Amino acid sequence: MLSFQLFVTHTTFGALNLYGSETGAFTDDSRRMGEILAQHASVALAASAADDQFRRALSSRDVIGQAKGLLMARNSVSGQQAFAMLLRVSQNTNHKLHDIAGKLVLMHEDDVAEKQPHG
């Protein structure tokens with residue numbers, strides 16, 4: 001059995017485990033090839049994780065922007081004041097800013113849906 005840690009910098013993504021059918025199945029060349037394969041897999045996993053993080057950040061930014069807009073319209077406040085309102089609720093309730101914004105947007109969407117004629 002050969003086992004390679006899948007990592008980039010200090011982030012570990014798991015392990016690549018290779019099994020042989022008999023004792024001594026792996027040569028020095030197979031060990032080097034396994035290391036190369038593990039390095040490529042690590043880079044691919046890191047890229048995928050970075051892409052997921054980027055998409056979550058964009059989504060979070062969008063929801064916070066929507067919530068700010070709702071507060072600005074409802075309370076006749078500036079964008080900075082609306083953000084401060086969200087931040088204050090986040091800190092006072094010990095909930096993430098994104099979650100507070102998401103709840104506000106969802107409540108607004110529910111209100112709009114209730115006002116829509118059902119047909």
Side-chain angles (χ1 to χ4, degrees):
M1 177 180 161
L2 285 178
S3 186
F4 302 94
Q5 182 182 9
L6 301 178
F7 68 97
V8 176
T9 60
H10 301 310
T11 304
T12 298
F13 296 106
L16 171 65
N17 298 311
L18 305 174
Y19 300 92
S21 59
E22 57 192 53
T23 303
F26 298 108
T27 65
D28 287 342
D29 282 344
S30 56
R31 286 183 186 88
R32 282 191 289 276
M33 292 298 286
E35 288 173 0
I36 292 169
L37 181 59
Q39 290 170 4
H40 285 281
S42 296
V43 170
L45 289 169
S48 177
D51 185 58
D52 288 346
Q53 184 179 12
F54 177 71
R55 290 179 192 282
R56 283 192 306 273
L58 280 180
S59 174
S60 177
R61 181 175 179 237
D62 185 46
V63 169
I64 292 169
Q66 290 175 27
K68 279 177 46 182
L70 289 168
L71 291 173
M72 290 167 66
R74 288 182 183 173
N75 300 299
S76 299
V77 296
S78 69
Q80 193 171 18
Q81 291 169 316
F83 184 77
M85 292 168 74
L86 287 170
L87 190 59
R88 190 169 40 254
V89 171
S90 171
Q91 291 171 342
N92 289 343
T93 61
N94 200 27
H95 287 91
K96 293 181 179 179
L97 181 66
H98 173 265
D99 293 339
I100 298 297
K103 287 179 184 178
L104 181 62
V105 170
L106 186 60
M107 286 176 14
H108 172 74
E109 290 174 349
D110 288 346
D111 289 346
V112 169
E114 286 180 14
K115 293 176 185 175
Q116 299 277 327
H118 300 287

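Every value quoted in this text rests on a predicted model; they were computed, and no experiment measured them.
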More than 12 foreign heavy atoms under 6.0 Å from CZ of Arg31: is that the case here? yes

Minimal heavy-atom distance between Tyr19 and Phe26, with the atoms involved, is C-CZ, 3.5 Å

Do Leu87 and Val89 share a hydrophobic cluster, counting only Ile, Leu, Val, Met, Phe, Trp and Tyr and linking them when any side-chain heavy atoms are less than 4.5 Å apart? yes

So Asp51 and Arg55, salt bridge (charged side-chain N to carboxylate O under 4.0 Å, His left out) or not? Walk me through it. CA-CA 6 Å; Asp51 185 58; Arg55 290 179 192 282; 3.0 Å; yes

Shortest non-hydrogen separation from Val43 to Val8 and the atoms involved: N-CG2, 4.2 Å

Nearest-0.5 Å distance, CZ of residue Arg88 to CD of residue Gln81: 9.5 Å

Evaluate the side chain to side chain donor-acceptor pair (under 3.5 Å) criterion for residues Ser42 and Gln39: first the C-alpha distance (whole Å), next the side-chain angles of each, then the deciding distance (0.1 Å), finally the verdict. CA-CA 5 Å; Ser42 296; Gln39 290 170 4; over 6 Å; no

Where do Phe7 and Phe13 come nearest, in terms of heavy atoms and distance? CA-CD1, 4.2 Å

Taking every heavy atom of Leu104 against every heavy atom of Leu71, the minimum-distance pair comes out as CD2-CG, 3.7 Å

Between Lys115 and Asp111, is there a salt bridge with N-O shorter than 4.0 Å? no

OG/Ser48 to CD/Gln53 distance, rounded to the nearest 0.5 angstrom? 11.5 Å

At their closest point, which heavy atom of Lys68 faces which heavy atom of Ala82, and how far apart are they? O-CB, 3.6 Å

Any residue meeting salt bridge (charged side-chain N to carboxylate O under 4.0 Å, His left out) with Asp29, in chain and number order, not counting sequence neighbours: Arg32

Shared hydrophobic cluster, Leu106 / Leu97 (ILVMFWY, side-chain heavy atoms < 4.5 Å): no

Assigning hydrophobic clusters by single linkage (Ile, Leu, Val, Met, Phe, Trp, Tyr; side-chain heavy-atom cutoff under 4.5 Å), is Leu37 placed with Met33? no

Distance col, row Lys103:NZ vs Leu86:CG, nearest 0.5 angstrom, shows 13.0 Å

As an exercise, state the distance from CE of Met85 to CG of Leu70, rounded to the nearest 0.5 Å. 11.0 Å

Within the 4.5 Å heavy-atom criterion, are Thr12 and Leu6 side-chain neighbours or not? no

State, to 0.1 Å, how close Asn17 and Ser3 come at their nearest heavy-atom pair, and which atoms those are. OD1-OG, 2.6 Å

Is the backbone N or O of Lys96 less than 3.5 Å from a side-chain atom of His98, with the two atoms forming a donor-acceptor pair by type? no

